[in-house]
Participant: 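I am attaching a structure below and will ask some questions about it afterwards.
Residue numbers run from 1 in the order of the sequence given.
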Amino acid sequence: MIKRLLETDKKLVLKFAVSLFLTILFTFVFVGATSYAASSETSTSVSTNTGNGDTSSGDNAGTSDTDTTTKPGEYLDNSSESVGRDPGSSVLQEVIGVDASQPLEIIILLTLIALLPSMLIMMTCFARIVIVLGFLRSAMQTQNTPPNMVLTGLALFLTIFIMAPVFGEINEIAYQPYANEQIDTKEALERASVPLKRFMLKQTTNDDLEFFIGLAKEDIPEGGLSDEYKENDLSLTVIIPSFMIGELKRAFQMGFMIFLPFLIIDIVVGSTLMSMGMMMLPPAMISMPFKILIFVLADGWTLMIGSIVSSYNL
């Protein structure tokens, strides 16, 4: 296969090899430059602190010098305002308890940033809204109208509208204290997970929770799944998949209800064409204008958006 590819598309293989080599080269240059910058900053801070120590010792005899050497990964601000930040700690150490070197920390953080949008989407109402809007477009048989970009944008802004109270609470109890350096990263994440957990539990049934608790081989308390147990003892690894399954169920139920009136229109148009002997005329071509007309006359978009928002019991 490689021989055949070399014989037919030599230019394509050459372009791929050059692009791969440049990518690897740029990666090594970026990591090396980051490491060099970190080491130069460390050496500068060490020399500065050493000079200050010598001056103070010359002026004030008998005063003991303190070691203010800054190591890679340390916070440069070690004042009393930095609450909960120990010297030598880093973002990764605060979150997962691992203090990595700076280049490795940058790579891991970039990976987490790339995965963060999908993680947040599955913990909000975005999935249900997109699926319901997709069912609506399929039921109307309008193919790519509205286009995917329009449906995704509408779903995104509806998600912001529905999740606004949750995001506001996260900003108040987690982000603002973290921005003011009153709490560390780990505590900020724990505080931010509380409103999200409360929102997801409100949309999740006990049956879904018990299903995933059983898959995790955890014991269900004798008194059942009380609200206190779900908020304090259940982990996000159980709540998030339970919430996702519940969102898929509700989205498909709403999709079925959307399909029913349009299915009736298809049946009426198909039977009418059969009775008139127009068997060669596609029923979808005739029924689609009637679907659009009825949807517009019934103010379908307002009814659809209102049903989606009210389904979250805000």
Side-chain angles (χ1 to χ4, degrees), residues 117-170 195-209 239-275 281-314:
S118 60
M119 295 167 60
L120 290 178
I121 284 172
M122 300 314 296
M123 289 188 287
T124 61
C125 54
F126 183 83
R128 185 195 298 189
I129 298 172
V130 166
I131 294 173
V132 171
L133 294 178
F135 272 122
L136 174 64
R137 187 173 64 179
S138 299
M140 294 181 65
Q141 295 179 346
T142 53
Q143 297 180 355
N144 292 326
T145 304
N148 292 330
M149 186 177 296
V150 174
L151 294 184
T152 305
L154 178 60
L156 179 61
F157 282 99
L158 282 177
T159 301
I160 296 174
F161 175 77
I162 295 173
M163 300 291 296
V166 180
F167 293 153
E169 187 176 356
I170 291 174
L196 278 176
K197 183 185 291 187
R198 192 181 301 120
F199 170 79
M200 289 188 288
L201 287 173
K202 193 175 181 181
Q203 311 301 326
T204 308
T205 61
N206 289 339
D207 294 336
D208 295 332
L209 290 173
I239 296 176
I240 292 176
S242 304
F243 171 75
M244 291 167 57
I245 293 298
E247 289 292 284
L248 292 176
K249 287 181 180 178
R250 288 186 177 86
F252 275 75
Q253 291 171 0
M254 295 177 70
F256 173 76
M257 300 302 295
I258 290 171
F259 260 95
L260 282 180
F262 294 113
L263 181 62
I264 294 173
I265 295 175
D266 285 332
I267 293 174
V268 171
V269 171
S271 60
T272 303
L273 291 177
M274 288 289 292
S275 62
L281 186 63
M285 185 182 299
I286 306 300
S287 62
M288 187 176 66
F290 287 101
K291 292 178 181 179
I292 297 175
L293 177 63
I294 293 175
F295 186 77
V296 171
L297 291 177
D299 199 6
W301 286 112
T302 303
L303 294 175
M304 176 65 59
I305 301 304
S307 300
I308 292 174
V309 174
S310 62
S311 67
Y312 282 94
N313 299 320
L314 298 178

Participant: Give a yes or no on whether the backbone of T142 and the side-chain of K291 come within a donor-acceptor separation of less than 3.5 Å.
Facilitator: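 No, the answer is negative, given that no donor and acceptor are paired below the 3.5 Å cut-off.
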Participant: When rounded to the nearest 0.5 angstrom, what is the spacing between OG in S311 and CZ in R128?
Facilitator: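 S311 atom OG to R128 atom CZ measures 4.0 Å (nearest 0.5 Å).
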Participant: Only one of M163, E169, M200 forms a side-chain contact (heavy atoms from CB on, under 4.5 Å) with P195, so which one is it?
Facilitator: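 So the option named by the test is E169.
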Participant: Return the CE to CG distance between M304 and L158, rounded to the nearest 0.5 Å.
Facilitator: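 Taking CE in M304 and CG in L158, the distance rounds to 11.5 Å.
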Participant: Just so I know, are the side chains of L154 and I305 near enough to count as touching, which here means a heavy-atom distance under 4.5 Å?
Facilitator: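 Yes, their side chains come closer than 4.5 Å.
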Participant: When you measure from the side chain of R137 to the backbone of P146, do you find a donor-acceptor pair of N or O atoms at a distance under 3.5 Å?
Facilitator: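 Flag set: sc R137 to bb P146 pair under 3.5 Å.
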Participant: For T152 and M149, indicate whether the former's side chain and the latter's backbone hold a donor-acceptor pair under 3.5 Å.
Facilitator: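 Not a single qualifying donor-acceptor pair exists.
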Participant: A quick test of your reading: do over 12 heavy atoms of other residues, nucleotides or ligands sit less than 6.0 Å from CG of D299?
Facilitator: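 Atom CG in D299 is packed in, count exceeds 12.
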Participant: Can you check whether V130 reaches L151 side chain to side chain, under 4.5 Å on heavy atoms?
Facilitator: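 Not touching, per the 4.5 Å side-chain cut-off.
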Participant: Side chains of L209 and N206: does their closest heavy-atom pair fall under 4.5 Å?
Facilitator: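 Yes - at least one pair of side-chain heavy atoms lies under 4.5 Å apart.
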Participant: Side chains of F135 and M254: does their closest heavy-atom pair fall under 4.5 Å?
Facilitator: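 Side chain of F135 against side chain of M254, heavy atoms only: no contact under 4.5 Å found.
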Participant: On a heavy-atom basis, which atom in T159 and which in F126 lie closest, and how many Å separate them?
Facilitator: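 Taking every non-hydrogen atom into account, OG1-CA, 3.3 Å.
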Participant: So, for I258 and A139, which heavy atoms are closest and what is the spacing to 0.1 Å?
Facilitator: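 Looking at all heavy atoms of both residues, the closest pair is CG2-CB, 4.2 Å.
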Participant: Using the six-membered ring wherever Trp is involved, compare the ring planes of F262 and F295 and label them parallel, tilted or perpendicular (cut-offs 30° and 60°).
Facilitator: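 Tilted, since the angle between the ring planes falls between 30° and 60°.
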Participant: Where is the tightest heavy-atom contact between A127 and M122, given as atom of each residue plus distance?
Facilitator: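 Minimum heavy-atom separation between A127 and M122: CB-CE, 4.4 Å.
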Participant: Please report the closest heavy-atom contact between E247 and C125, naming both atoms and the distance.
Facilitator: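 Heavy atoms of E247 and C125 come nearest at OE1-CA, 4.0 Å.
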Participant: Measure the CD1-CD distance between I239 and Q203 for me, rounded to the nearest 0.5 Å.
Facilitator: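 The CD atom of Q203 is 13.0 Å from CD1 of I239, to the nearest 0.5 Å.
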Participant: Which distance, rounded to the nearest 0.5 Å, do you find between the CD1 of I121 and the CD1 of I129?
Facilitator: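 Rounded to the nearest 0.5 Å, the CD1-CD1 separation comes out at 11.5 Å.
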Participant: Once rounded to the nearest 0.5 Å, what's the spacing between atom CZ of R198 and atom CG of L201?
Facilitator: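 It is 9.5 Å, given to the nearest 0.5 Å.
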Participant: Supply the atom-to-atom distance F290 CZ to I265 CD1, rounded to the nearest 0.5 angstrom.
Facilitator: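 If I round to the nearest 0.5 Å, the distance is 9.0 Å.
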Participant: Mind listing the closest non-hydrogen atom pair of A298 and L303 along with its distance?
Facilitator: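 Minimum heavy-atom contact is O-CD1, 3.3 Å.
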Participant: What are the two closest non-hydrogen atoms of M123 and F243, and how far apart are they?
Facilitator: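 Where M123 meets F243 most closely, the heavy atoms are C-CE2, 3.8 Å.
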